[in-house]
4 protein chains.
Amino acid sequence: MSQTKKTQIISAAKQLLAEHGIENIKVNDIVKQAGVAQGTFYLYFRSKSALIPEIAAELIGELLQIQREKLSQVVRTSDKIDIIIDTSFEVSRSYRGLLSLCYSGLAINDELSEWERIYEPYKTFIEEILEAGKAEGEVTQQIATSSAAQMMISLIEETTERVHLHEDETEVPHEKEQLRTFLKRALLHV
Amino acid sequence: MSQTKKTQIISAAKQLLAEHGIENIKVNDIVKQAGVAQGTFYLYFRSKSALIPEIAAELIGELLQIQREKLSQVVRTSDKIDIIIDTSFEVSRSYRGLLSLCYSGLAINDELSEWERIYEPYKTFIEEILEAGKAEGEVTQQIATSSAAQMMISLIEETTERVHLHEDETEVPHEKEQLRTFLKRALLHV
Amino acid sequence: MSQTKKTQIISAAKQLLAEHGIENIKVNDIVKQAGVAQGTFYLYFRSKSALIPEIAAELIGELLQIQREKLSQVVRTSDKIDIIIDTSFEVSRSYRGLLSLCYSGLAINDELSEWERIYEPYKTFIEEILEAGKAEGEVTQQIATSSAAQMMISLIEETTERVHLHEDETEVPHEKEQLRTFLKRALLHV
Amino acid sequence: MSQTKKTQIISAAKQLLAEHGIENIKVNDIVKQAGVAQGTFYLYFRSKSALIPEIAAELIGELLQIQREKLSQVVRTSDKIDIIIDTSFEVSRSYRGLLSLCYSGLAINDELSEWERIYEPYKTFIEEILEAGKAEGEVTQQIATSSAAQMMISLIEETTERVHLHEDETEVPHEKEQLRTFLKRALLHV
DNA sequence: CATGAATGAGAGTTCATTCAT
DNA sequence: TATGAATGAACTCTCATTCAT
């Protein structure tokens, strides 16, 4: 029941965050939207900026879980990349720019290590995929797994957010295809 | 002379911005650093947030100019990519995190098109390089020039910023090398 | 209790207003005088200028209530006019220039209708008196009740304020007498 | 020629004053409208608030001059009152509320004596008319000339401004008639 | 746990005035 | 005389945070 309040606050914040930026949201807005009292916010969050990491972690968690499920039966790295791109586009669509807002929110408050901590499980997940791909001989050995994972994540994220910030949905398939080609050329054997 | 004041303000702001991030800087700090009066700021900028695009434009301009010079005698696209990466790392080092702060500043202010307008000349520059590379048969035809340029820019920018935000300078050469490999695999013929 | 804060603010404002005039008062002064925090002001008033109508309404309310009481047993219109003039002088004395300051405050803010809304009950009150006087044959039929009421109010207000702004209290009885004569000649049968 | 600049400033100020209130006009607006430089303002006016009395004096001067002309051939006080009312309505219409804005402008800056000094010639003018009327036996002796003049001026001014602030021009003739009746009953013998 | 009135430091912005040219 | 860039004190309003209930 009390957990309900926290959940209410987080989802209210997610909603508002997606609509405005972090600096344009007041705690007051969040609690109003959540239907709780001003003071209640501080029962669950040390401060306003402590809210961001929690949201970011939740988003990453969702993405990770979805991808884990979808990839469970897939064998070829090439197919895995397709699925990762597809799911990223889907999740990103529902949270238009939310992640990049979280990012800048954290960057602003100089808590970048926090950001890395949050991203860590996802990065590990991608690294495992690439490592497996290397073992299978599908993924090139030319690039270190860690760097490859990082670049892959960045590129997918940047592209999905950019595409979704543009209102033009017709571009999505084309951009997705370009991304796919780019990534596979970079990562997979010819 | 009056242009001097504006210049003073911009460079003071650039300096502070690189250290603190947009939301942590007060107009007061900027003018103090610039050695001008509070009101003078508003003679040249409509508001605090109107400052960001101007700075961003200047940075992109600098980067563009440097790269244009360095590339003037270079023929092979592969070499061009090397140089672009190198100069990006250099410029990015002197403005630690500035670009991403600009980015978040703009994203927050919903001035996405402004941002694109500012970035446009640089994107065109990269596109021309890729187009030339295609004509020479060095760059793959598999990826549309526009998308390729965008992804290339994003990836370089993201990597440089990430690397420089980490204080560990020893990683730089390795990450640079990884990026180089990644990009060339993606863009060039084998 | 929370209503207390608002009351404190209003009476602090009334006090300062009577001394200084609206444009010369800082919100800071008001809250200091009221013994509340700066932010508390904005809990109860949307802005500084939103304060004026509330004060004006209160003053009119006070005046109306006092006059209603004093007139309850009075029969002749002539006597009523005397009492209205007397009470107006008294109330006006304790709020030197306050009403005209309210007026200019409102005029400046183009909220004329707001001003009329506030004055409405008082005007109705005076109209009823004149109407009754007409029925009794004491008040002339030559002037429409609405216009007569308006002119009567304006004249009394203008005179009281003018007299009180002059520091010379010795003039009061004479001016009062002049006003009385003027009004009765205009309104009553010979 | 240099007098031109001052004239330009005054008439720009009059125009803006009529549209907005005194507190809403910036020196900057005035000089822009007048087509002169910021500094030029201070060649002709000690400060912003020194502008108001000059404007007020000009307005009163105009009114006085017009009325003097129109009344030169008129004999009966009753007719004079008619003409005074008519001309006041006309002048007031072209300067919607300007006088009352001047008034509050001065009231705000505690320069009430200034205000009286400006009004003095007009008051004298009205007093002379009433005095003459008394000599002729047309004006009642019951009211002191000074008080009568003051009340007459106030009432006319208040009424014209009130009527003109209301956008409804159809009411004008009726209100004028009411005012005429009111004043004559108060001042003239039956 | 929950509330929400109260807080108050602090920031952005304005604008009358000045002064070197 | 005329200019207009520069000034900087002053003021309103915001909003994260607290705490008595």
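Each chain gets a letter, A, B and so on, in the order its sequence line appears, and its residues count up from 1.
Residue B:Thr40 has no polar side-chain atom (N or O) positioned under 4.0 Å from OP1 or OP2 of F:dA6. Dashed line: the shortest gap from a side-chain N or O of A:Lys32 to OP1 or OP2 of E:dG4 is not under 4.0 Å. Listed pair B:Lys6 / F:dA5 fails the phosphate criterion, with no side-chain N or O lying under 4.0 Å from OP1 or OP2. Taking only side-chain nitrogens and oxygens, A:Tyr42 never comes nearer than 4.0 Å to OP1 or OP2 of E:dA2.
Residue-to-nucleotide contacts include a donor-acceptor pair under 3.5 Å from the side chain of D:Gln38 to the base of E:dT17.
Geometrically, B:Lys48 does not engage B:Phe41 in a cation-pi contact, judged by NZ or CZ lying under 6.0 Å from the ring centre and within 45° of the ring axis.
Remark: P of F:dA9 and CG of B:Asn28 are 11 Å apart, rounded to the nearest angstrom. Following rounding to the nearest Å, A:Phe45 (CZ) and F:dT18 (P) show an atom-to-atom distance of 16 Å. In this structure, D:Leu51 places its CG atom 15 Å from C1' of E:dT17, rounding to the nearest Å. Counting to the nearest Å, the P atom of F:dT18 and the OH atom of A:Tyr44 are 17 Å from each other. Between B:Asn24 atom CG and E:dG12 atom C1' the separation is 16 Å, expressed in whole Å. Atom pair C:Lys48:NZ and F:dC13:C1' shows a separation of 12 Å (rounding to whole Å applied). If you measure from atom CG of C:Asp29 to atom C1' of F:dC13, you get 16 Å, rounded to the nearest angstrom.
The pair A:Lys14-A:Glu62 meets the salt-bridge criterion, with a side-chain N (NZ, NE, NH1 or NH2) lying under 4.0 Å from an Asp/Glu carboxylate O.
Nucleic acid contact for D:Ile25: sugar-phosphate only, since backbone atoms but no base atoms lie under 4.0 Å from a heavy atom of the residue. Nucleic acid contact class of D:Val31 (heavy atoms, under 4.0 Å, all strands): none. Using a 4.0 Å heavy-atom cutoff across all strands shown, D:Ile30 reaches no nucleic acid atom at all.
A:Lys32 places no side-chain N or O within donor-acceptor distance of the main-chain N or O of A:Ala37, the cut-off being under 3.5 Å.
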Just do the salt bridge (Lys or Arg N to Asp or Glu O under 4.0 Å) check on D:Glu114 and D:Arg117 with the steps written out, would you?
CA-CA 5 Å; D:Glu114 180 80 355; D:Arg117 194 183 55 68; 3.1 Å; yes
